[in-house]
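The sequence lines fix the lettering, A, B, ..., with proteins before strands; numbering per chain opens at 1.
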2 protein chains.
Amino acid sequence: MKRNDFSQWDCSLARTVDIIGDWWTPLILRDAARGVTTFEDFHQSLGVSRNTLTQRLNRLVEHGMLEKTLYSDRPKRYRYVMTAQGVDFVPVLMAMAAWGDKWIADTAPPFRVRHKTCGAEATARVVCACCEAPLALSDLEPLDEAA
Amino acid sequence: MKRNDFSQWDCSLARTVDIIGDWWTPLILRDAARGVTTFEDFHQSLGVSRNTLTQRLNRLVEHGMLEKTLYSDRPKRYRYVMTAQGVDFVPVLMAMAAWGDKWIADTAPPFRVRHKTCGAEATARVVCACCEAPLALSDLEPLDEAA
DNA sequence: CGACTCAGTTCAAAAGGTGAACTGACAATT
DNA sequence: AATTGTCAGTTCACCTTTTGAACTGAGTCG
């Protein structure tokens, strides 16, 4: 069996993982996508320690996934809202969840969302942007580059 | 603006994150997809401490992402190979990388792979499995369930 | 006035990650 | 026969991160 050798397959993934590569961050983003915005709500929803939550939220703001806005001046109240960049990450989260549904048997209910466009329940699938066929490792080979 | 409320959007993501939710694991999987199989090669490629690498590999084996096989009895040599479950996760990694390419400007080169099916460079896109339209947060709404 | 809410900060203890050195089985070289 | 090298880890001492719980502080409500 031929071994793949994607020697150029670098960095984009690492940089992404650098932002979202821990237990909490993806879940914070899923909550944000669900409409959670305040510090207290994230804390309640996830059970993450407030200390860590502060760090994660700041990190996400720093990296442009969330925007922190003051929605009440007196008393000072903040809201964390997804940026376009954050919103664009949601399908990736859905792809992860779809994979989880498929492979990790569990009694816990899968997340269920309706796709307004087609009316059916949305399930994520990762396809080639060019030919729209589902991407699979077996259909990939290294792309040689000049220089 | 209407706030989404995906109260059912739970668990599948959390369970997935439970397996791959740290800095190293996704990169180990990317290496595995590239054809890296031995302990030493993972170690060299990633620069992760051997200690941590041992734990991560064991964890991935435990969770059915990799299979550990003895390919030489004398001396004892092991190989970590992706299972079907692991292979099926690769498109998710590609979706992450595609997002990284789009949003995280950096001098580092993106990973580049050819899609044999269409001959073009493969770029991941997440679509609805039902209608094949790209998934976007704005097209989603909670799915109400009986009971 | 006292109780409550939000959005954190502070602190000690526990857990997890790091690099560097070590083990042990074998193979190849001198 | 002795030394060096490779693979696949383990061990250890150190450092950073996470955790939980308590505390702060600004302001509101009754």
Side-chain angles (χ1 to χ4, degrees), chain A residues 3 13-32 34-63 65-82 86, chain B residues 3 13-32 34-63 65-82 86:
Chain A
R3 190 78 41 73
L13 217 208
R15 282 179 274 136
T16 302
V17 170
D18 183 54
I19 299 180
I20 55 96
D22 67 288
W23 225 96
W24 292 115
T25 302
L27 299 177
I28 290 173
L29 289 174
R30 107 154 134 59
D31 267 14
R34 267 172 49 184
V36 174
T37 57
T38 67
F39 187 93
E40 294 299 324
D41 286 349
F42 282 113
H43 175 57
Q44 292 249 320
S45 161
L46 299 172
V48 55
S49 84
R50 334 191 100 235
N51 194 347
T52 307
L53 181 56
T54 302
Q55 286 174 44
R56 290 294 173 278
L57 289 173
N58 287 342
R59 189 168 174 68
L60 286 170
V61 169
E62 245 175 62
H63 283 90
M65 305 292 282
L66 299 178
E67 201 181 1
K68 181 179 184 175
T69 54
L70 190 70
Y71 73 91
S72 159
D73 194 31
R74 22 199 29 261
K76 289 220 186 304
R77 290 295 135 82
Y78 301 96
R79 188 169 275 163
Y80 295 88
V81 187
M82 278 197 153
Chain B
R3 188 79 41 73
L13 218 206
R15 281 180 274 136
T16 302
V17 169
D18 184 53
I19 299 180
I20 56 96
D22 67 289
W23 225 95
W24 292 116
T25 301
L27 299 176
I28 290 174
L29 290 174
R30 106 153 135 59
D31 266 15
R34 268 173 46 184
V36 174
T37 58
T38 67
F39 186 91
E40 294 298 325
D41 286 349
F42 282 113
H43 177 55
Q44 292 249 319
S45 162
L46 298 172
V48 54
S49 85
R50 333 190 101 236
N51 193 348
T52 305
L53 180 57
T54 301
Q55 286 175 43
R56 291 294 173 277
L57 288 173
N58 288 342
R59 190 169 173 69
L60 286 170
V61 169
E62 245 174 60
H63 283 91
M65 304 292 282
L66 299 177
E67 202 181 1
K68 180 179 183 174
T69 55
L70 191 69
Y71 72 91
S72 159
D73 194 32
R74 25 198 26 262
K76 290 219 187 304
R77 289 295 135 84
Y78 301 96
R79 188 169 276 162
Y80 295 88
V81 187
M82 278 198 154

Partners passing side chain to side chain donor-acceptor pair (under 3.5 Å) against A/Gln55 (at least two apart in sequence or in another chain): A/Asn51

Partner residues of A/Glu67 under the salt bridge (Lys or Arg N to Asp or Glu O under 4.0 Å) criterion, sequence neighbours left out: none

Backbone N/O of A/Val48 and side chain of A/His43: donor-acceptor pair under 3.5 Å: yes

Sugar-phosphate, base or nothing in reach of A/Phe42, heavy atoms under 4.0 Å: nothing

Atom pair CG (B/Leu60) and OH (B/Tyr80), whose distance is rounded to the nearest 0.5 Å: 10.0 Å

Touch class at under 4.0 angstrom, heavy-atom based, for B/Thr38 against every strand present: sugar-phosphate

Sugar-phosphate only, base, or nothing, as touched by B/Arg77 at under 4.0 Å among non-hydrogen atoms: base

Side chain to side chain contact (heavy atoms under 4.5 Å, CB included) against B/Asn58, all qualifying residues, sequence neighbours excluded: B/Thr54

Residues 68-77 of chain B, side-chain donor-acceptor partners within the protein, below 3.5 Å, at least two apart:
| from | atom 1 | to | atom 2 | distance (Å) |
| --- | --- | --- | --- | --- |
| B/Ser72 | OG | B/Pro75 | O | 2.6 |
| B/Asp73 | OD1 | B/Lys76 | NZ | 3.1 |

Along DNA chain D (nearest heavy atom to each residue), the more 5'-positioned of A/Pro75 and B/Phe39: B/Phe39

Chi angles and distances behind the salt bridge (charged side-chain N to carboxylate O under 4.0 Å, His left out) call for A/Arg50, A/Glu40: CA-CA 9 Å; A/Arg50 334 191 100 235; A/Glu40 294 299 324; 2.8 Å; yes

Inter-axis angle, terminal five-pair segments of the helix from C/dC1-D/dG30 to C/dT30-D/dA1 [nearest 10°]: 0°

For B/Asp18, salt bridge (Lys or Arg N to Asp or Glu O under 4.0 Å) partners two or more places apart: B/Arg59

Contact residues, residues 52-61 of chain A to DNA chain D [heavy atom, < 4.0 Å]: A/Thr52, A/Gln55, A/Arg56

Positional range of nucleotides in DNA chain D within the contact set of chain B, heavy-atom, under 4.0 Å: D/dT6 to D/dC12

B/Trp24 side-chain N/O to C/dT18 phosphate OP1/OP2 under 4.0 Å: yes

